[in-house]
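Written below as structure tokens is the structure these notes are about.
Atoms considered below: every heavy atom in the structure, side chains included; atoms not considered: hydrogens, waters and symmetry mates.
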Amino acid sequence: MTMDTEPENARGRTIMYVVVAVTFGLLLVLALIAFSSARSTAQAEQKANQLIAALEQAGAHAPSEEQLVRVLGDDGGAVCADPNSALTRANLLSQMANGAGGPGTRPVIVDDRVVKGELLVLGIYCPDQLADFQQFAGNLHTSDVAAY
């Protein structure tokens, strides 16, 4: 009596080929994700260094490269999400107040470096949004009020 094991071997080989193909496909997808992530990190580091140099040239203390990469990434993060929307501008203006709550809230003259810092960020991370924000910032009343 002879046993024919050919169908079992063919099925076993097919399963093995499918497992190898799926594993290879997953590794390929992971490699592509890692590659794009590394490229994105390199761009984020380059822009962070550019912002650090611009801030130091303006006379401000600059955060570390690591902090800028985490907060702004390679696309400017929340700063560049929509800097010219009414809500974003209202939020900025609400931060330029005396800090009182309710009816005691009054606008104040803020240091001009606050606006200059945001202009630097917009210029480096999202230059297409810069012109509209410069027009808005030009109408703000700022001054050199903080001793540095």
Side-chain angles (χ1 to χ4, degrees), residues 9-148:
N9 287 338
R11 195 173 93 207
R13 280 194 303 262
T14 302
I15 291 172
M16 183 180 70
Y17 291 150
V18 168
V19 169
V20 168
V22 168
T23 302
F24 182 73
L26 288 173
L27 288 175
L28 182 64
V29 168
L30 289 174
L32 289 173
I33 291 171
F35 177 74
S36 65
S37 174
R39 182 174 38 184
S40 175
T41 301
Q43 288 175 339
E45 289 173 355
Q46 177 189 12
K47 287 183 177 183
N49 287 327
Q50 188 178 358
L51 180 59
I52 289 169
L55 288 170
E56 288 175 349
Q57 184 179 2
H61 289 292
S64 70
E65 177 187 311
E66 179 186 344
Q67 289 171 327
L68 288 174
V69 168
R70 280 189 289 146
V71 172
L72 298 175
D74 64 344
D75 62 352
V79 177
C80 291
D82 194 4
N84 295 307
S85 72
L87 179 61
T88 305
R89 288 181 179 183
N91 191 23
L92 177 65
L93 292 174
S94 72
Q95 294 173 10
M96 297 179 180
N98 62 0
T105 303
R106 301 287 186 267
V108 296
I109 298 173
V110 297
D111 196 90
D112 52 0
R113 286 179 287 187
V114 172
V115 178
K116 286 180 184 176
E118 186 154 357
L119 289 171
L120 288 174
V121 172
L122 291 173
I124 291 170
Y125 286 92
C126 47
D128 55 320
Q129 304 279 345
L130 182 60
D132 288 339
F133 190 81
Q134 279 178 324
Q135 185 177 9
F136 166 72
N139 295 328
L140 295 175
H141 188 69
T142 62
S143 182
D144 186 16
V145 295
Y148 203 67

Does some side-chain heavy atom of Cys80 sit less than 4.5 Å from a side-chain heavy atom of Leu122?
yes
How many angstroms lie between CG in Leu68 and CG in Asn49, if you round to the nearest 0.5 Å?
8.5 Å
Check the surroundings of atom CD in Gln57: do more than 12 heavy atoms from other residues, nucleotides or ligands lie under 6.0 Å from it?
no
Side-chain contact, heavy-atom cut-off 4.5 Å: Lys116 with Asp111?
no
Heavy atoms of Asn84 and Arg89 approach each other most closely as OD1-NH2, 3.1 Å
With a 4.5 Å heavy-atom cut-off, do Thr142 and Val114 have their side chains touching?
no
Shortest non-hydrogen pair, Leu130 vs Gly123, comes out as CD2-CA, 3.9 Å
Looking only at heavy atoms, the pair that brings Ile124 and Ala54 closest together is CD1-CB, 4.3 Å
Leu55 and Pro63, any side-chain heavy atoms less than 4.5 Å apart:
yes
Quick one, Val22 and Leu26 - any side-chain contact, counting heavy atoms below 4.5 Å?
yes
For Gln46, does the CD atom have more than 12 heavy-atom neighbours from other residues, nucleotides or ligands under 6.0 Å away?
no
Minimum-distance pair of heavy atoms, taken over all atoms of Thr105 and Ala97
CG2-CB, 3.9 Å
NZ-CG distance between Lys47 and Asp74, expressed to the nearest 0.5 angstrom
6.0 Å
Atom pair CG (Leu27) and CG (Leu32), whose distance is rounded to the nearest 0.5 Å
11.0 Å
Would you say Val79 and Tyr125 make side-chain contact, with heavy atoms under 4.5 Å?
no
Measuring from Glu118:CD to Thr88:OG1, what's the distance to the nearest 0.5 Å?
9.0 Å
Could you report the tightest heavy-atom contact between Leu120 and Ala58, atom names first, then the distance?
CD1-CB, 4.4 Å
Working to the nearest 0.5 angstrom, can you tell me the gap between Leu51 CG and Leu72 CG?
7.0 Å
Quick check against the 3.5 Å criterion: does Arg113 have a side-chain atom that pairs as donor or acceptor with the backbone of Val110?
no
What I'd like to find out is whether the side chain of Leu30 reaches to under 4.5 Å of the side chain of Leu28, using heavy atoms alone.
no
So CD of Gln129 and CD of Gln134: to nearest 0.5 Å the spacing works out to 12.0 Å
Search all heavy atoms of Ala62 against all heavy atoms of Ile52 and return the closest pair with its distance.
CB-CG2, 3.9 Å
Can you confirm whether Val115 sits close enough to Phe136 that some side-chain heavy atom of one is under 4.5 Å from a side-chain heavy atom of the other?
no
